[in-house]
Amino acid sequence: LEQNRSNGVFREYTQHDISHIDGMLELINIIIPQSTKDIMTSTDWIMLVLSFYLHDFGMLVTEDEISTKNTDKGFVDYKREHDLSALSEDELYQNYIRDNHGERISDWLMMLNSSSDINDTHVTILKEMLGTLSSEICSDLAKLCKSHGEDLSLIKDELDVAQQYEQSSASKVNLLYIACLLYTSDAADE
């Protein structure tokens, strides 16, 4: 999280380091009523915490990405769609990353269990942090992280309210509720 500003990108933005995560976690004590806390499963909590920690990871920009940004088809298309005269190319690139950071972390999480050899700095860092998670958990975590920048009414059907990873009832998670908590606490901590 501390790396998000290390190469000069996002200096003007709200700090998205551990203080942002801590702020979001503090808000959870206010947002979630005790009666709901009492019935949340351990899987609800771990998916909530993981989504809090990872939702802005897509804002991490490597030096390699900066040096090759003009060959990134997504950024080239983005530049074509936006008024370059109003912003510098660096500012436009920051906006491009900001607008797409949910998709970026989602893509990287989906690559974690790829059978092919992925040579991506972001995926390597995620593997070091998360170890081995099932493809189903990675997929759901990707949906959660992506959801914080999307209209929840458009993705509500993609987020299961009773996802279960094992036979144990403790492995059940309400992904839609977690997405709502992520969205609300992220917006409230800005």
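Quick note: residue numbers are just sequence positions, from 1.
Residue Leu54 holds its CG atom at 11.0 Å from CH2 of Trp108, rounded to the nearest 0.5 Å. For the atom pair CZ of Phe52 and CD1 of Ile21, the computed distance is 8.0 Å after rounding to the nearest 0.5 Å. Rounded to the nearest 0.5 Å, atoms CG (Asn100) and NZ (Lys146) are 10.0 Å apart. Note that the CE atom of Met24 and the CG atom of Leu27 stand 8.0 Å from one another [nearest 0.5 Å]. The CD1 atom of Ile155 sits 6.5 Å away from atom CD of Glu158, with the distance rounded to the nearest 0.5 Å. Here the straight-line distance linking atom OG1 of Thr43 with atom CG of Leu48 works out to 12.0 Å at 0.5 Å rounding.
For the pair Glu91 (side chain) and Ser88 (backbone), a donor-acceptor distance under 3.5 Å is present. Formation of a donor-acceptor pair under 3.5 Å by the Ser139 side chain with backbone atoms of Ser135 is not found in this model. Of the possible donor and acceptor atoms, one in the side chain of Asp44 sits under 3.5 Å from a partner among the backbone N and O of Asn174. A donor-acceptor pair is defined here as one N or O able to donate and one able to accept, closer than 3.5 Å; no such pair exists between the side chain of Glu150 and the backbone of Leu152. Not a single donor-acceptor pair under 3.5 Å links the side chain of Thr68 to the backbone N or O of Thr71. At distances below 3.5 Å, not a single donor-acceptor pair connects side-chain atoms of Thr184 with backbone N or O atoms of Leu181.
Taking hydrophobic clusters as Ile, Leu, Val, Met, Phe, Trp and Tyr residues chained together by side-chain heavy-atom distances below 4.5 Å, Ile39 does not share a cluster with Val49. The hydrophobic clustering, which links ILVMFWY residues whose side-chain heavy atoms are closer than 4.5 Å, places Met129 and Leu60 together.
For Lys79, the side-chain contact (heavy atoms from CB on, under 4.5 Å) partners at least two apart in sequence or on another chain are Asn70, Phe75, Glu89, Leu92. The side-chain contact (heavy atoms from CB on, under 4.5 Å) test applied to Asn29 returns Lys37, not counting sequence neighbours. Looking at residues two or more places apart in sequence or on another chain, you find a side chain to side chain donor-acceptor pair (under 3.5 Å) between Asp99 and Tyr78.
Here the shortest heavy-atom pairing between Ala142 and Met110 reads CB-SD, 3.9 Å. Scanning all heavy atoms of the two residues, the minimum distance from Asp189 to Ser19 falls at OD2-O, 4.4 Å. Here the closest non-hydrogen pair linking Leu112 and Cys138 is CD1-SG, 3.8 Å. Residue His122 comes nearest to Phe57 through the heavy atom pair O-CE2, 3.8 Å, listed as atom of the first residue, atom of the second, then distance. Ser42 and Ala170 get closest at one heavy-atom pair: OG-O, 3.6 Å. Closest approach of Ile105 to Cys145, counting heavy atoms only: CG2-CB, 3.7 Å.
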Step-by-step side-chain hydrogen bond (donor to acceptor under 3.5 Å, both in side chains) determination, Ser153 to Asp151: CA-CA 5 Å; Ser153 67; Asp151 183 339; 2.7 Å; yes
Determine, step by step, whether Arg104 and Asp107 satisfy the salt bridge (charged side-chain N to carboxylate O under 4.0 Å, His left out) criterion, reporting the C-alpha distance in whole Å, the side-chain angles of both residues, the deciding distance to 0.1 Å, and the verdict. CA-CA 5 Å; Arg104 287 165 53 92; Asp107 290 347; over 6 Å; no
So Gln94 and Ile97, side-chain contact (heavy atoms from CB on, under 4.5 Å) or not? Walk me through it. CA-CA 5 Å; Gln94 287 182 103; Ile97 296 295; 5.9 Å; no
In sequence, state the C-alpha distance, the side-chain angles, and the governing distance for His55 and Asp186, and then conclude on side-chain hydrogen bond (donor to acceptor under 3.5 Å, both in side chains). CA-CA 9 Å; His55 76 282; Asp186 186 45; 3.1 Å; yes
Report the C-alpha separation of Lys143 and Asp140 in whole Å, then their side-chain angles, then the decisive distance to 0.1 Å, and conclude whether the salt bridge (charged side-chain N to carboxylate O under 4.0 Å, His left out) test is met. CA-CA 5 Å; Lys143 289 176 193 174; Asp140 287 341; 3.7 Å; yes
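Looking only at side-chain heavy atoms (C-beta outward), Ile32 and Met40 come within less than 4.5 Å of each other. With contacts defined as side-chain heavy-atom distances shorter than 4.5 Å, the pair Glu65/Asp72 does not qualify. A heavy-atom distance below 4.5 Å is not found between the side chains of Leu144 and Leu50. With a 4.5 Å cut-off on side-chain heavy atoms, Ile137 and Met47 count as touching. In this structure, Thr41 and Ser171 have side chains that are not in contact, with every pair of non-hydrogen atoms separated by 4.5 Å or more.
Checked by atom type, the side-chain pair Asp38/Gln34 shows a donor-acceptor distance below 3.5 Å.
In this structure, Tyr183 places its OH atom where only 12 or fewer heavy-atom neighbours from other residues, nucleotides or ligands lie under 6.0 Å away.
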